[in-house]
Q: 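Sharing a structure, written as structure tokens. Questions coming.
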Protein chains: 2
Amino acid sequence: MHILIVEDELGIVQFLKQGLEEEGYLVSTANDGSKGFEMTQNQKFDLILLDWMIPKINGLDLCKAIRVKDQTTPIIFLTAKDTVQETIQGLKAGANDYIKKPFSFEELVERIKIHFRSKKQTETLTLGTITMDLSKHVVLKGGEEIALTQREFELLAYLIQNKAKVCTRNQILRDVWEINFEYDTGVIDVFMNAIRKKLNLKIEEDYIKTIRGVGYIAND
Amino acid sequence: MHILIVEDELGIVQFLKQGLEEEGYLVSTANDGSKGFEMTQNQKFDLILLDWMIPKINGLDLCKAIRVKDQTTPIIFLTAKDTVQETIQGLKAGANDYIKKPFSFEELVERIKIHFRSKKQTETLTLGTITMDLSKHVVLKGGEEIALTQREFELLAYLIQNKAKVCTRNQILRDVWEINFEYDTGVIDVFMNAIRKKLNLKIEEDYIKTIRGVGYIAND
DNA sequence: CGTTGGCTTAAAGTTTGCTTAAGATTCGGA
DNA sequence: TCCGAATCTTAAGCAAACTTTAAGCCAACG
């Protein structure tokens, strides 16, 4: 995940760069608007943090300029405390989110994560000896490929993404089947059965446990 | 964590309420603006979800009205797809965040969590040497896992959540069994017995006391 | 010491989840 | 476009686990 920070205050830049790198992100910086624009045109970033008050080209115009060619990369504005008006303009200009200075670093990270949620698709998930590559749609168990159908794949991915948390039947229906009302015919059971069978889970590797009366839980 | 939902579409309300409750939040609802306003004046919520188009008082005016007395409680707007303009007005009126319909439930939960970050949210309950993790549905006593059934789990959690307060049999029946009329066959006794037995409570660690003629009380 | 309320136990009743198979539905290729 | 295969969904039987009832016993409190 590659983040671009466009900001002129050196202290803030260092603070952000270091913090985000510790979070595992690749971070590039630009200390003025035109430099920032140049960089966005030459390479692809996964997210852009944009200060409002920057030299050469201001944040708002830079945001608009980026949006001419690229409507998808999330842009988060860092706005000064009392410039709600400007924030609003930023949103109009195509920013996805805003965060007011002074902000807590934790909150910023959470905001960033939200915008990465949709990109999570490229991630690989693991559960014990099981590996899933979401982008390639491949499941391996101990290096051997397991053929899963679409729904089976989604269900397994969902459980792993919520590793160590109980997933209720309703939650599963809501998030995997996108059924938003109480309605249980036992589909989930059928799919759990199929997954367990295909993965050939032994007793000593019951990565997916049933919690009677509640739902299911995945755990290494 | 107590969330207020102000929304008139019954389907959405139910969907949100159930989902958020499963996430461990306490949820109250109001189906029009004036009801919503009344509720905010009479009690304190930790977060407010506000639809734009609601009867009696619209979301924008309600937001402004709430902000007269209360500038801190986070307000998240649920806005219709193509009303960016309105979203902006909402932000002006003092909302902290906005989310566009149709939204993914997962994203909503993430947004809510951000606003709760400052407040600590304990997902684990403790009682003496006993620990309960609600999301994992696990009970530990001195590090050792204790297998409880669904009802046993709920009952124990209820007692711990009401630590140091007497829970009458009727309250327990109402809140754990969801029986809202006087009706006692002695089920509670049976479950208390089972819990005490499984937790193997010694005399010197009688975390759960019986109050004869009244009910039960949990205390470290 | 008798009455009341709580504890304990076991058996009956109920629910839940697993499994299987058959009926829909979807999708791709001829 | 139509057909066949793969996938998804429904439904029903069964077994196991859980919940409730009920009855006898015991302890607390007057």
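Below, chains carry the letters A, B, ... as their sequence lines are ordered, and counting in each starts from 1. Since the structure is predicted, the reported quantities are computational estimates derived from the model, not experimental observations. Atoms considered below: every heavy atom in the structure, side chains included; atoms not considered: hydrogens, waters and symmetry mates.
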Q: C:dC18, OP1 or OP2 - any side-chain N/O from A:Y216 closer than 4.0 Å?
A: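 Answer yes for this pair, as a side-chain N or O of A:Y216 is under 4.0 Å from OP1 or OP2.
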Q: Rounding to an integer number of Å, can you tell me how far B:N193 CG sits from D:dC26 P?
A: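 From B:N193 CG to D:dC26 P: 15 Å.
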Q: Under 4.0 Å, heavy atoms only, any strand: does A:Y183 hit a base, just the sugar-phosphate, or nothing?
A: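 Sugar-phosphate: the residue A:Y183, judged by heavy atoms under 4.0 Å, touches backbone atoms but no base.
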Q: Any chance you could measure B:I3, atom CD1, to B:L47, atom CG, to the nearest 0.5 Å?
A: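 Here the rounded value is 5.5 Å.
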Q: Using a cut-off of strictly less than 4.0 Å, decide whether B:W177 has a side-chain nitrogen or oxygen near OP1 or OP2 of D:dT19.
A: no
Q: Under 4.0 Å: is that the gap between some side-chain N or O of A:T149 and OP1 or OP2 of D:dT7?
A: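 So the side-chain polar atoms of A:T149 never come under 4.0 Å of the phosphate oxygens OP1 or OP2 of D:dT7.
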Q: For D:dT19, does the base pair up with any side-chain atom of B:R151 as donor and acceptor (N or O, under 3.5 Å, distance only)?
A: no
Q: Among the nucleotides D:dA17, D:dT9, D:dT19, which one has an atom lying closest to any side-chain atom of A:V190?
A: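 Nearest to the side-chain atoms of A:V190, counting from C-beta on, is D:dT9.
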Q: In whole angstroms, how far is the C1' atom of D:dA16 from the CG atom of A:D189?
A: 14 Å
Q: Within this structure, what is the CD-to-C1' distance between B:E152 and D:dC18, rounded to whole angstrom?
A: 9 Å
Q: Does B:R151 make a cation-pi contact with B:F191 (under 6.0 Å, within 45 degrees of the axis)?
A: no
Q: Below 4.0 angstrom from OP1 or OP2 of C:dT9, is there any side-chain N or O of B:K197?
A: yes
Q: Just to confirm, is there a sub-4.0 Å distance from OP1 or OP2 of C:dC7 to any side-chain nitrogen or oxygen of B:T210?
A: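 True: B:T210 side-chain N/O within range (under 4.0 Å) of C:dC7 OP1/OP2.
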Q: How about A:Y25 and A:H2: are their ring centres within less than 6.0 Å of each other?
A: no
Q: Among D:dC8, C:dG6, D:dT19, which nucleotide has an atom closest to any side-chain atom of A:Q150?
A: D:dC8
Q: Tell me the interatomic distance from A:D184, atom CG, to C:dT16, atom P, rounded to whole angstroms.
A: 10 Å
Q: Output the single nucleotide from C:dG17, D:dT21, D:dT10 whose closest atom is nearest the side chain of A:R212.
A: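 Selected nucleotide (nearest to the side chain): C:dG17.
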Q: Nearest-Å distance, NZ (A:K198) to C1' (D:dC8)?
A: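 Taking atom C1' of D:dC8 as the reference, NZ of A:K198 is at 12 Å.
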Q: Would you indicate which nucleotide in D:dA28, C:dT20, D:dT21 comes nearest to any side-chain atom of B:V187?
A: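 Side chain of B:V187 sits closest to D:dT21.
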Q: Between atom CZ in B:R196 and atom P in C:dT9, what is the gap in whole Å?
A: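 The answer, rounded to whole Å, is 14 Å.
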Q: Just N and O in the side chain of A:R169: are any of them under 4.0 Å from OP1 or OP2 of C:dT16?
A: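 So the side-chain polar atoms of A:R169 never come under 4.0 Å of the phosphate oxygens OP1 or OP2 of C:dT16.
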Q: Heavy atoms, side chains only, cut-off 4.5 Å: are B:T124 and B:L134 in contact?
A: no
Q: May I have the step-by-step check of side-chain hydrogen bond (donor to acceptor under 3.5 Å, both in side chains) for B:R174 and B:T168, ending in yes or no?
A: CA-CA 10 Å; B:R174 173 167 49 91; B:T168 68; over 6 Å; no
Q: What is the distance, rounded to the nearest whole Å, between atom NZ of B:K209 and atom C1' of C:dG6?
A: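 Computing the B:K209:NZ to C:dG6:C1' distance gives 17 Å.
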Q: Expressed as a whole number of angstroms, how long is the span from B:I188:CD1 to C:dG5:P?
A: 15 Å
